[in-house]
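Naming: A, B, ... by sequence-line order, numbering from 1 per chain.
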There are 2 protein chains.
Amino acid sequence: MELRQPYLLFLGDVRDQLAAKVAHGLVHWRRDWCVGQMRLPGCGADTGVPDLSIEEAAAKGARTFVVAVANAGGVLAPSWIPHVVAAIEAGFDVASGLHVRLASVPEIAEAAAKHGAALHDVRHAERAFATGKGTVRSGRRLLTVGTDCSVGKKFTALALEAAMRRRGWQADFRATGQTGLLISGKGVAVDAVVADFIAGAAEWLSPDADPDHWDLVEGQGSLFHPSFSGVTLGLLHGSQPDAFVVCHEPTRRAMRGVEAPIPAIAEVIDMTVRLGRIVNPAVRCVGIAVNTEKLGEGQALTYLDRLAGEHGLPAVDPIRFGVEPVIDRVAAEFPAVSPRSST
Amino acid sequence: MELRQPYLLFLGDVRDQLAAKVAHGLVHWRRDWCVGQMRLPGCGADTGVPDLSIEEAAAKGARTFVVAVANAGGVLAPSWIPHVVAAIEAGFDVASGLHVRLASVPEIAEAAAKHGAALHDVRHAERAFATGKGTVRSGRRLLTVGTDCSVGKKFTALALEAAMRRRGWQADFRATGQTGLLISGKGVAVDAVVADFIAGAAEWLSPDADPDHWDLVEGQGSLFHPSFSGVTLGLLHGSQPDAFVVCHEPTRRAMRGVEAPIPAIAEVIDMTVRLGRIVNPAVRCVGIAVNTEKLGEGQALTYLDRLAGEHGLPAVDPIRFGVEPVIDRVAAEFPAVSPRSST
């Protein structure tokens with residue numbers, strides 16, 4: 001799956017900012033790709049980019065009309081369909097993170113066929129994959145793992161990509177979920193792949209690269225989450241990381257959506273090393289990324305200090321304090337093969 | 001997926017016994033369900049059951065025409081198609097373990113529609129599943145796990161089912177792969193399920209049951225296999241076993257199809273307990289099942305004795321010596337809630 005940039009972000013008439021989370025992520029991480037947003041009367045979300053009509057966005061060079069919202073059930077509201085069709089008629093491709101497939105709406109399928117538009121359903125895998133091979137690939141890989149689902153694995157990988165690029169390193173975020181995929185413009189929704197091919201899809205996602213190149217692979221789920229652990233382990237084995245960062249939310253008391261307890265960070269590190277070394281004997285943890293949103297600033301700093309001491313690792317909140325200490329650790333543990341262009 | 005019994009086993013014109021492995025498994029484990037076999041000129045396989053025509057099998061009550069063979073590529077040979085169609089016209093359902101979907105062959109799809117026949121492609125999942133919940137279910141479950149793929153996990157689970165039933169216990173083999181599914185008549189090919197739903201499919205497969213009822217869940221892959229570990233872990237978490245048996249092939253030097261080393265049996269036990277206790281804190285290993293085919297009988301007995309001593313567990317070869325010591329161990333570790341009908 002490979003999306004054409006830049007995007008026009010369609011927010012429809014969603015009620016609040018939360019429903020436009022995908023659009024906010026796009027503007028945060030890929031401001032340059034977002035020429036504007038399109039909102040219908042009653043829309044309660046605003047990403048802060050210019051409000052544009054389809055024609056105005058087309059004139060500014062936008063190539064893909066992104067349905068960048070979520071609603072209950074992941075359906076396309078009937079009132080949105082004419083706008084999707086109008087975008088296709090104006091020459092746009094369409095991308096959607098909804099559950100429903102764009103081509104399952106007859107008007108959209110017909111318009112796309114007539115105008116040669118690509119329809120990207122980022123929740124669904126577009127292609128077939130081989131089974132994983134476990135063969136060592138060149139280049140370096142960092143995977144974000146978690147004590148649970150929804151603890152900042154995508155945000156952390158994107159923050160690491162941005163920080164590495166600021167230092168002049170070659171670094172690419174590798175998307176494994178629908179929002180990440182829209183932000184990256186490519187990738188694979190690994191949770192939508194047929195089970196036998198999870199590792200194979202992850203291998204495809206981070207191919208051979210230059211020795212100093214870093215893939216920042218967006219993790220999914222948790223080895224300790226009873227619903228999604230299979231995806232997590234397949235992704236670990238397929239991405240064969242050299243390094244990983246553990247993501248954590250300190251106030252959560254049970255795994256998301258189930259009653260299982262949250263594992264200790266040390267347990268996640270140990271298990272990730274034990275299972276990860278099957279495909280990369282030198283795999284190691286290079287940091288802990290915590291979402292400290294629910295803690296006061298002083299409390300957050302104290303907590304991160306304590307974690308860092310306990311684990312002998314940099315502990316950061318990527319949103320609040322950035323990820324520089326993790327990048328320093330990576331630089332120290334993985335000296336560049338070729339001289340780096342800047343530090 | 002639920003198949004109607006009994007079966008007519010179609011062997012086509014496959015060259016040798018190995019290509020009819022599925023048919024041999026059916027005759028071995030479900031002799032009563034196999035009214036006969038149907039072979040075309042040139043067939044080099046023979047399962048030992050009566051050779052019957054479609055009409056003869058129908059007269060004996062056969063309900064499902066089972067394409068019980070494998071060939072390179074998993075395709076349906078063009079010369080087999082008229083026989084499948086003739087079976088449908090005679091009132092049979094059709095089941096196939098081939099990769100190709102039966103309904104993708106127009107003549108077969110048309111005949112099935114006309115005669116109301118069910119077409120079962122056991123390599124493909126027939127239904128959608130919910131995500132796993134991790135909720136504790138009633139009844140008992142035993143999962144076979146392995147140091148690798150193809151080390152006897154299906155055979156061991158079936159042997160345990162047979163041995164438990166001989167003792168009068170309530171026990172059901174739960175199929176997770178295509179051959180197992182034909183043998184069981186139902187189940188789910190977990191490797192064909194969308195990744196997010198592996199655990200959910202396994203939960204569906206072994207629902208709430210009587211407190212003394214045992215589900216013998218057919219394991220898949222290995223936690224240590226870089227291609228298929230995701231399926232293995234999802235299946236472990238979804239089946240929430242009380243007990244597991246480790247299956248092993250002692251002469252193998254690398255994981256099947258890849259270069260990864262075979263893990264030690266102790267490592268598989270430890271990892272299965274550590275990951276399995278998330279959904280069942282009391283999970284424990286109750287035996288080791290070894291395929292000793294490549295060892296002499298004395299050598300095999302010595303090897304099993306050594307394993308039993310090293311691990312403090314019954315070590316058996318289910319094919320050569322049976323699984324009784326494992327059943328004894330299960331009986332000792334899991335006393336029946338209600339008095340058992342026999343011992």
Student: B:Pro226 and A:Ala199: which non-hydrogen atoms are nearest, and at how many Å?
Tutor: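 Answer, listing the atom of B:Pro226 first, then A:Ala199: O-CB, 3.3 Å.
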Student: Give the member of B:Val190, B:Val279, B:Val194, B:Leu235 that has the highest number of heavy-atom pairs under 4.5 Å with chain A.
Tutor: B:Val194
Student: Let me see the working for B:Leu275 and A:Leu275 under side-chain contact (heavy atoms from CB on, under 4.5 Å), right down to the final yes or no.
Tutor: CA-CA 11 Å; B:Leu275 289 165; A:Leu275 289 165; 4.1 Å; yes
Student: Has A:Arg256 got more than 12 heavy atoms of other residues, nucleotides or ligands less than 6.0 Å from its CZ?
Tutor: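 Incorrect, the count does not exceed 12.
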Student: With a strict 4.5 Å heavy-atom criterion, list every residue of residues 258-271 of chain A that contacts chain B, or say none.
Tutor: A:Val258, A:Ala260, A:Glu267, A:Asp270, A:Met271
Student: If I measure from the heavy atoms of chain B, does A:Phe224 come under 4.5 Å with its side chain, its backbone, both, or neither?
Tutor: both
Student: Picking from B:Ser227, B:Ala130, B:Gly257, which has the most non-hydrogen pairs under 4.5 angstrom with chain A?
Tutor: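 Of the options given, most contacts go to B:Ser227.
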Student: Evaluate whether atom NZ of B:Lys133 has more than 12 neighbouring non-hydrogen atoms of other residues, nucleotides or ligands under 6.0 angstrom away.
Tutor: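 Correct, the count exceeds 12.
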Student: Taking all heavy atoms of A:Ser229 and all of B:His237, pick out the closest pair and write down the distance.
Tutor: OG-ND1, 2.6 Å
Student: Looking only at heavy atoms, which two atoms of A:Ile198 and B:Ile198 are closest? And how far apart?
Tutor: CD1-CD1, 4.0 Å
